[in-house]
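Below is one structure, written out as structure tokens; comments come after it.
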Amino acid sequence: MVRVRFFASIKEKVGKSEIEAYISGSETVGVLMGRIADEYEVKREVLINDTLLYAVNHNHVKSDYLLKDGDEVAVLPPLSGG
Amino acid sequence: MVRVRFFASIKEKVGKSEIEAYISGSETVGVLMGRIADEYEVKREVLINDTLLYAVNHNHVKSDYLLKDGDEVAVLPPLSGG
Amino acid sequence: MPRLQRENFDVGKEICALTSKNQRTGAAVSFLGVVRDFSRGEDIEKLDFEHYPGMAEKQLEMLETKAMEKFDILDCLIIHRTGVITVNENIVLIIAISMHRRVAFRACEWMINTLKKNIPIWKKEFSTTGKYWVEDHP
Amino acid sequence: MPRLQRENFDVGKEICALTSKNQRTGAAVSFLGVVRDFSRGEDIEKLDFEHYPGMAEKQLEMLETKAMEKFDILDCLIIHRTGVITVNENIVLIIAISMHRRVAFRACEWMINTLKKNIPIWKKEFSTTGKYWVEDHP
């Protein structure tokens, strides 16, 4: 089980700020995003595109990062602090 | 007649903060400095060297600047504001 | 230690607190970001800043640590506000202090550039015609 | 308008005064120079700043004008203190405000660099071993 958090525009598109998801064996962030898109009926491009960043346990990761049980995953739309 | 002002280390070396000097026809800042050095018995290098800047009427000038009557000339040792 | 806070900050007090802690300080360079009244051709009324609690704080700490490693500075500080901020109000303050000025300029500019790229903070603009998340790096 | 003054200045107040005059301001970059306790291998007690009255003010005004012409900034301000200044006290403050941060960094750094080269101000260092005019550009 992993916790998945959405922020800003992604949160509005998915309609949730966080969900929980089961992961099967060795699953990457990218694969998980595909499954979530299907399950929550949002287009895959919403959760998988070049402008997004991903984080696992508060660290930036790439979409091929291998998840493990208990991870906190986050989908970060283009940052605009400052 | 021109007014000549000295600052910081130059003022201490010449022993004066300002003097008045007659100028003859078309005289440059450099030529005037040579005459002042002789008259006030300081080495020519004190008033003529590559680290100095000159100003006439509050504008930076080169040593070949032609003086005219009533000018205010200044000898500026290396600046160290800020 | 960086700060992420709703309240405003006092720019002079923060710079002074940093410089007076270190007698070697010769230069303090600061960047202050404030809300512009105009953006992308629209009149702005206010901004609303959302952040990722936990990650934003952690990444800001890492940013200060990296700045100290990367540049010959004596200290640095980042303060970023969250929530609703209106026109002409402070958003972010970044200070770098050093013995000589050049590195303080480099460090301060590097920190604000890196903050914009790495820190999970998002800005919603409320203009006279609507509201939208800002999703580019001007 | 630049200022050459004996009194100290309030950094936050000066930055705030400048940014609040212009609602287009997105960025304010400031450089604050303070007296270091250590210079050229000697412990410093205080500095004494002499200037060329008339010329210093005029050249500072020209410096602000040139910065406005050279960079896409909204406004700028230079304040330099004169007379005796002790360790950790403020010497000089330079502020540049702009819509976007990059030009404010460039303008602020250019102004302090140019001030050091062009403005007739001289600094005498009083160290534990003696006093001397500073005659180089570190």
Side-chain angles (χ1 to χ4, degrees), chain C residues 8-40 43-45 47 74 86-113 115-116 137-138, chain D residues 8-40 43-45 47 74 86-113 115-116 137-138:
Chain C
N8 197 1
F9 44 78
D10 179 330
V11 179
K13 212 177 103 190
E14 301 295 344
I15 295 176
C16 221
L18 213 60
T19 58
S20 61
K21 268 199 306 189
N22 203 315
Q23 304 270 308
R24 300 257 139 149
T25 310
V29 172
S30 74
F31 169 82
L32 174 69
V34 303
V35 181
R36 280 203 310 274
D37 68 350
F38 191 80
S39 176
R40 283 149 249 269
D43 289 327
I44 298 302
E45 288 172 349
L47 302 179
L74 297 164
T86 56
V87 169
N88 222 248
E89 270 192 78
N90 299 335
I91 301 168
V92 59
L93 176 66
I94 299 191
I95 311 167
I97 63 168
S98 60
M99 289 182 66
H100 302 291
R101 69 187 181 280
R102 204 185 133 73
V103 288
F105 275 106
R106 292 294 85 71
C108 187
E109 192 168 14
W110 180 82
M111 281 190 281
I112 179 62
N113 289 345
L115 181 152
K116 292 194 169 244
H137 290 288
Chain D
N8 197 2
F9 45 78
D10 179 329
V11 179
K13 211 176 102 190
E14 301 295 345
I15 295 175
C16 220
L18 214 60
T19 58
S20 62
K21 266 198 307 188
N22 203 315
Q23 305 269 309
R24 299 257 140 149
T25 310
V29 172
S30 73
F31 169 81
L32 174 69
V34 304
V35 181
R36 279 204 308 274
D37 68 351
F38 191 80
S39 174
R40 284 151 251 268
D43 290 326
I44 297 302
E45 288 172 348
L47 301 180
L74 298 165
T86 56
V87 169
N88 221 248
E89 270 192 79
N90 298 336
I91 300 168
V92 59
L93 176 66
I94 298 189
I95 310 168
I97 63 168
S98 60
M99 288 182 66
H100 302 291
R101 68 187 183 280
R102 202 184 135 74
V103 287
F105 274 105
R106 292 292 86 72
C108 188
E109 192 168 15
W110 179 82
M111 281 191 280
I112 179 61
N113 289 345
L115 181 151
K116 292 195 170 243
H137 290 289

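Here is the naming used below: chain letters follow the sequence lines, and residue numbers restart at 1 for every chain. In this text, all values refer to a predicted model and were calculated from it rather than measured experimentally.
Of the two parts of C/V29, the backbone and the side chain both hold a non-hydrogen atom closer than 4.5 Å to a non-hydrogen atom of chain D. For chain C, no part of D/N90 is nearby; none of its heavy atoms comes within less than 4.5 Å. For C/C108, the parts lying under 4.5 angstrom from a heavy atom of chain D are both the backbone and the side chain.
Between atom CG of residue C/L93 and atom CD1 of residue D/I15 there is a gap of 8.0 Å, rounded to the nearest 0.5 Å. From C/S20, atom OG reaches atom CD of D/E89 across 12.0 Å, with rounding to the nearest 0.5 Å. Rounded to the nearest 0.5 Å, atoms CZ (D/R102) and CD1 (C/I112) are 14.5 Å apart.
Residues C/T19 and D/N88 come closest through the heavy atom pair O-ND2, 3.3 Å.
The greatest number of non-hydrogen atom pairs below 4.5 Å with chain C, out of D/N113, D/L32, D/D10, is found for D/L32. Between chain D and the residues C/G33, C/G12, C/A28, the most heavy-atom pairs under 4.5 angstrom are made by C/A28. For the set D/I97, D/D37, D/V11, the entry with the most heavy-atom pairs within less than 4.5 Å of chain C is D/D37.
Proximity of a side-chain donor or acceptor of C/R36 to a complementary backbone N or O of D/M99 within less than 3.5 Å is detected.
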| message | D/E109 vs C/R101, test: side chain to side chain contact (heavy atoms under 4.5 Å, CB included). Steps then yes/no. | response | CA-CA 9 Å; D/E109 192 168 15; C/R101 69 187 181 280; 5.8 Å; no
